[in-house]
Amino acid sequence: MEWVIFGVLAFWLLVSVLGAVLVKNPVHSILFFLSSVLAMAGLFLSLGAELLAGLQIIIYAVAIVVFYVLVITTIPWEKVKRFEGVYKKELLFGIPVVLVIFLLMGSMVLRGRFAQPVGVVEDNVREVGRTLFTSYLFPFEVASVILLVAMIGAILLGRKEE
Amino acid sequence: MDIKELIGPIELPRLVLFLPELIVLITAFVLFTLDLILSGRSKRIVLPSLSAIGYVLALMSVGVSAQFRGDTFYGSFTNDALASLVKIFALLIALTVLAFAGRYFSSKRSFYGEFYYMLAFTLLGAMILASSYNLIIIYVSLELVSIGFYILTALLRGSFISKEGAFKYLILGGLSIALASYGAVFMYIYAGSIDLREIFTYEGEDYHYLVLGIVFFLIGFALKIGAVPFHFWLPDAYQGAPTPVTAFMASVGKLAFFIPVVRIMPLIQEKFSLTWTLTVGVIAAATMLYGNLVALVQKDIKRLLAYSSIAHSGYILAAVAVTKDIGMKAVIYFLVVYAVMAAGSFFVVAMLERAEGWENRIQEFSGLRFNLPYLAFGFMIYMFALLGVPPTVGFVGKTLVFMALSFDQLWWLAFVVILSTAISTGYYVRLVVLMYMKDREKEVRVPQRGYAEALSLVFLTILTVALAVVPEVIWSLVAPASETLFAR
């Protein structure tokens, strides 16, 4: 049963990610992205991480997708470069390289054994809260500085010169 | 829920270890607030002087925090001898950047008050990056430094190559951070820990995930430091950026991006010494040869210095390949002194760019000694230092690299070091010849030279010679730094 749910969700995720990359209309692309976010939330739920699933829906499906839609509606589409067809020469070089790297990585992953998780987490919210305010406090604070810097930079470079 | 259970695991951070970063952070926020309040005219005086005061205070506090060693913030922030050394030089160079930035930006009609706190935030990122073993901290501080650099690179108003350089840097920088974090994931899967020291002391049966992690992690950093074949963004970003920013990227940026590599170097060598030596050695050889050969044909002085920066990444990587203590010492020494040399040489270019009709062509250097004797003399010292002529730091640095390679009997790599140094003579000496033995091509006059600029250049020039003639000063910092790293 577990595997069936996982398989369905994974298939859904793959299809929507491929769709987001391949469709030409930007709004359709956003919709596929939304669908992939929902599939991801489903995967988190099936793994027993209900807090992450909730955050995924609140942050990605609500906040970020809305933000994307806002950005897309403000872009002047008549000025945007159109799809120019597949880059054949790049594809010819790229695909073998990607395949080789993928095969190497795959064999490494299949042969490797990883460290086992320690203990079972009972209360997701409490556990996330505790780690966020103890061992991950410092990265969390630095990340806030990053967001500030990135925001200032975007405003600085994006504003009209007087 | 019991409140005690919630706050039980919280421990107070030892802020004394974090003092320099804290001061830089506060400086950045003060500058940020003042930039909003002050009027345009007073900004040009208040912002640089306040940044200078903040950096000097931070520099003094490095002296305080260096008395204490250890981890804080639950082991995610480490203050050791290496971190203190890097912080001292990062702050010193940031101070000299301030001296050049104001006039340079004014002459290019792109004065932004935002520059000063962007510089402070970037410096903060570099300082944190230099003092952590924690994968997540490395990731976030790498991101902080890089975002700061992207923005600083694009700060030239109305300049196409500035925006182009920033965009290339953004794309490849993003790729490098993605790769590094992907590698970090595999390392975590291998050991179940995000602390690099624990990852490398973990006794797993098979190393598949670890190898995969290290490879991706190091490719990410190779992109950042501009090692061949991951160097494509570097000349464009260095050429496009405002020159004081280029100086900052080439010195503090390179210093900070190398430190995580330096930190994991002794840890990796315990497990994979032969593979490590071979891989890093080949990359180092390619980087040295490529950087120097391409620099030979450059016509733009900033691009020439950028390729010289790539070549120097190669020299430093050559010492990274060495599996002995002396290799680490050579790496740290060369990193620090390269920061000084690179900053100085780019500052000279920054001053020259303010002259009327200056286009950064190499031919324009001919006869510079008639127009600007002191500046030409300083530039000659930097060129000789980058080439590695005694009695400058470049000579001591290259000697140390050669010595380290001979300890490990890596003769082929030592030969490549000598060969590429010989190649580099072609362009460094040509600049000196142009300045001192040719007639002047045109009148070059730098308007409004300030005391701060002169003082900074004199300081860096003296440092370039003094750190080689009296190496005990810096050696007393380098030696403990590398010994504590190797003791683990």
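The figures here come from the full heavy-atom set of this structure, side chains too, leaving out hydrogens, waters and symmetry mates. Convention: sequence-line order gives letters A, B, ...; per-chain numbering from 1.
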Heavy-atom proximity to chain A below 4.5 Å, by part of B:F18:
side chain

Pick one of side chain, backbone, both or neither for A:F138, based on which atoms fall under 4.5 Å of a heavy atom in chain B.
both

Chain B interface, residue from A:L137, A:V142, A:V145, A:V149 that has the most non-hydrogen pairs under 4.5 Å
A:V149

Looking at CD1 of B:I128 and OG1 of B:T78, how far apart are the two atoms once the value is rounded to the nearest 0.5 Å?
12.5 Å

Applying a strict 4.5 Å limit to non-hydrogen atoms, the region of B:F216 in contact with chain A is side chain

Heavy-atom distance under 4.5 Å to chain A: side chain of B:A191, backbone, both or neither?
backbone

So for B:L152, is it side chain, backbone, both, or neither that comes closer than 4.5 Å to the heavy atoms of chain A?
neither

Measure distances from A:L148 to the heavy atoms of chain B and classify the residue's part below 4.5 Å as side chain, backbone, both or neither.
side chain

CD/A:E2: more than 12 non-hydrogen atoms of other groups inside 6.0 Å
no

For the interface with chain A, which of B:T72, B:L210, B:I151 has the highest count of heavy-atom pairs at distances below 4.5 Å?
B:I151

Taking atom CZ of A:F140 as the centre, report whether more than 12 heavy atoms of other residues, nucleotides or ligands fall under 6.0 Å from it.
no

Output field: ring centroids B:F186/B:Y182 closer than 6.0 Å
yes

Around atom CZ of B:F272, are there more than 12 heavy atoms from other residues, nucleotides or ligands closer than 6.0 Å?
yes

Heavy-atom distances under 4.5 Å only: say whether B:F32 touches chain A with side chain, backbone, both or neither.
side chain

Are B:K224 and B:S146 close enough that a side-chain donor and a side-chain acceptor fall under 3.5 Å?
yes

Distance under 6.0 Å and angle within 45° of the ring axis: does B:R157 meet both against B:Y112?
yes

